[in-house]
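Here's the structure, in structure tokens; my notes come after.
Worth knowing before you read on, the calculation uses all heavy atoms, side chains too, and leaves out hydrogens, waters and symmetry mates.
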Amino acid sequence: MRGLFLVSVWCFLKSICKQYGVVFILLSLLTGLIGAFVNPLMSLFIVEGLQSPPIYLGVYTTGVTLMGILFSQWLGGLADNGVSAKKMFMIAVSGMALALVIFANATSFWQVFAAGVLLLSMGNAAIPQVMTIARQWADEQEHIDITQFNTRLRAAISFAWVAGPPLGYLLASGVAFSRSFYTAATFALLALIFAIKFLPSVNANDRAKKAEPNQPINHSFWALGAAITFASIGNIMYASALPLYTINELGFANNMPGIFMGMVALIEIPVMLYSAKLSKRITKTALLGFAFSCAMLFYIGVFFAVQVWQFFVLQGVNAIFYGIFAGIGLTILQEQLPSRIGFTSAFYGNAIKVGVMLGTASTGLIAQWFSFRFATLGSLIAASLALSCLLIFSYFKRQESESQERLLVQSVI
């Protein structure tokens with residue numbers, strides 16, 4: 001673990017010290033720390049901290065996600081129309097900070113649900129807004145590799161997950177969840193101050209005049225969005241079930257789920273950074289297909305694993321899947337609608353959120369009727385559907401390219 005940590009730290013520091021856009025990378029790291037402290041704890045917090053039935057996981061996630069989708073997509077449209085993404089990020093992270101303070105003092109599920117729907121849903125738009133303003137800034141620069149730039153932003157978020165989950169579980173040990181929530185709220189305030197002091201203002205109005213807001217959305221775009229959503233469903237089903245499955249059903253120590261998540265983040269950072277270079281030699285679609293295949297292998301392994309060392313070994317496979325998926329997923333989606341960066345960034349974030357909503361709800365239902373172990377079978381099905389949707393995406397892209405070629409020939413004739 002120590003060697004993996006040093007390798008990941010070296011890769012991350014090298015990427016930010018020798019590359020462009022350090023401000024955006026650091027802000028992604030800071031924003032990622034907020035979710036890294038809170039999100040892995042929510043299933044344990046709702047079920048054990050608030051003594052709620054497992055099905056309430058689905059109720060909470062559905063409400064928060066639906067409001068977050070509406071809010072995030074609305075902000076994405078505003079960004080394409082010239083509204084400052086910096087200001088929208090500041091609004092989003094402020095809502096997140098207030099929600100976390102309420103979480104820290106909540107005594108019932110419905111208090112958490114109300115704060116989540118009204119405030120945390122705003123905070124869910126924070127990372128998409130960072131991605132939007134970073135891409136707007138990058139498009140104005142010369143000699144920037146967009147794939148590598150996006151990958152470094154995602155690597156910063158993954159780096160936050162190296163320490164976030166283990167420390168979050170450590171702070172929450174003994175069901176003292178408020179310590180983790182207050183820590184996350186502190187990071188939210190720091191992100192707000194950082195944005196005010198250091199985040200540059202992109203000339204959004206000029207971009208809006210040059211953009212093509214009515215650029216049509218083809219079938220291939222929706223198929224790719226479905227693939228990203230199903231991959232997210234599989235990942236969150238596993239992540240939601242992991243703490244309750246390993247602690248309550250397998251008898252692992254309370255801090256083991258956080259260690260597993262931190263280990264994945266350690267390994268996925270170099271994988272993520274390398275995937276940007278690899279995408280120059282292998283198509284992004286092929287890389288994504290390989291990632292989904294690794295996910296399927298990982299979920300099969302988790303279903304049969306019963307010992308700690310087996311989970312440690314499997315985290316390497318999970319890191320390959322998520323490192324590639326997170327590293328190139330946003331870029332390949334943005335490439336489908338290059339003039340609507342705000343929309344595609346928000347759509348990517350919302351596809352992940354829909355996956356979180358459906359995955360968490362499915363985990364709660366499966367655990368209610370069977371056990372948390374069987375949630376990994378649901379993850380396997382979701383990863384299989386993600387691969388199927390990716391194949392459909394490739395088919396539609398070929399059809400669309402052939403159609404464009406025919407139209408071009410006809411126009412020449």
What residues, two or more places apart in sequence or in another chain, satisfy salt bridge (Lys or Arg N to Asp or Glu O under 4.0 Å) together with Lys87?
-> none
Could you tell me which residues satisfy ring pair (Phe, Tyr, Trp, His ring centres under 6.0 Å) with Phe303, sequence neighbours excluded, listed by chain and number?
-> Phe374
Side chains of Met256 and Phe312: closer than 4.5 Å at any heavy-atom pair?
-> yes
What residues form a side chain to side chain donor-acceptor pair (under 3.5 Å) with Gln310, not counting sequence neighbours?
-> none
Verdict with reasoning, Phe89 to Leu27, per side chain to side chain contact (heavy atoms under 4.5 Å, CB included) = CA-CA 11 Å; Phe89 169 80; Leu27 187 60; 3.9 Å; yes
Contacts of Gln307 that satisfy side chain to side chain donor-acceptor pair (under 3.5 Å) - sequence neighbours left out | Trp309
Audit row: Phe304, Ile300, side chain to side chain contact (heavy atoms under 4.5 Å, CB included) steps and yes/no | CA-CA 7 Å; Phe304 291 103; Ile300 292 173; 4.1 Å; yes
Met96 versus Leu119: any side-chain heavy-atom pair under 4.5 Å?
-> no
Could you list the residues that satisfy side-chain contact (heavy atoms from CB on, under 4.5 Å) with Leu287, not counting sequence neighbours?
-> Leu278, Ser279, Ile282, Ile324, Ile328
With a 4.5 Å heavy-atom cut-off, do Phe45 and Val38 have their side chains touching?
-> no
Are the side chain of Thr31 and the backbone N or O of Ser28 linked by a donor-acceptor pair below 3.5 Å?
-> no
Residues Met296 and Ser384: closest non-hydrogen pair is CE-OG, 3.4 Å
Answer whether the closest heavy-atom distance between the side chains of Tyr245 and Thr376 falls below 4.5 Å.
-> no
Hey, are the side chains of Phe347 and Trp222 touching, using non-hydrogen atoms and a 4.5 Å cut-off?
-> yes
State which residues pass ring pair (Phe, Tyr, Trp, His ring centres under 6.0 Å) with Tyr56; sequence neighbours excluded, sorted by chain then number.
-> Phe109, Trp110
Step by step, would you call Ile34 with Leu100 a side chain to side chain contact (heavy atoms under 4.5 Å, CB included)?
-> CA-CA 9 Å; Ile34 305 170; Leu100 292 169; 3.8 Å; yes
Contacts of Lys284 that satisfy salt bridge (Lys or Arg N to Asp or Glu O under 4.0 Å) - sequence neighbours left out | Glu335
Counting N and O atoms only, with roles assigned by atom type, does the side chain of Thr183 sit under 3.5 Å from a partner on the main chain of Arg179, one being a donor and the other an acceptor?
-> yes
Sequence neighbours left out, what passes ring pair (Phe, Tyr, Trp, His ring centres under 6.0 Å) with Phe311? Give chain and number order.
-> Phe252, Phe260
Residues which pass side chain to side chain donor-acceptor pair (under 3.5 Å) with Tyr182, listed by chain and number, not counting sequence neighbours | Asn105
If every non-hydrogen atom of Ala115 is compared with every non-hydrogen atom of Ile102, which pair is closest and at what distance?
-> CB-CG2, 3.6 Å
Can you name the residues that form a ring pair (Phe, Tyr, Trp, His ring centres under 6.0 Å) with Phe230, not counting sequence neighbours?
-> none
Answer whether the closest heavy-atom distance between the side chains of Thr344 and Gln336 falls below 4.5 Å.
-> no
Is there side-chain contact between Phe325 and Asn235, with at least one heavy-atom pair below 4.5 Å?
-> no
Once the angle between the rings of Phe292 and Phe321 is folded into 0 to 90°, is it parallel (under 30°), tilted (30 to 60°) or perpendicular (over 60°)?
-> tilted
Taking Ser232 for the side chain and Ile352 for the main chain, is one N or O donor matched with an acceptor at less than 3.5 Å?
-> yes
Do the side chains of Phe396 and Phe393 get nearer than 4.5 Å, heavy atoms only?
-> no
Determine yes or no for a side-chain-to-main-chain donor-acceptor pair under 3.5 angstrom, with Ser379 supplying the side chain and Gly234 the backbone.
-> yes
Any chance you could lay out the side chain to side chain contact (heavy atoms under 4.5 Å, CB included) test for Thr285 and Lys397, step after step, and finish with the verdict?
-> CA-CA 11 Å; Thr285 303; Lys397 287 296 290 185; over 6 Å; no
Residues in side chain to side chain donor-acceptor pair (under 3.5 Å) with Asn218, at least two apart?
-> none
Set of residues satisfying salt bridge (Lys or Arg N to Asp or Glu O under 4.0 Å) with respect to Glu249, sequence neighbours excluded = none
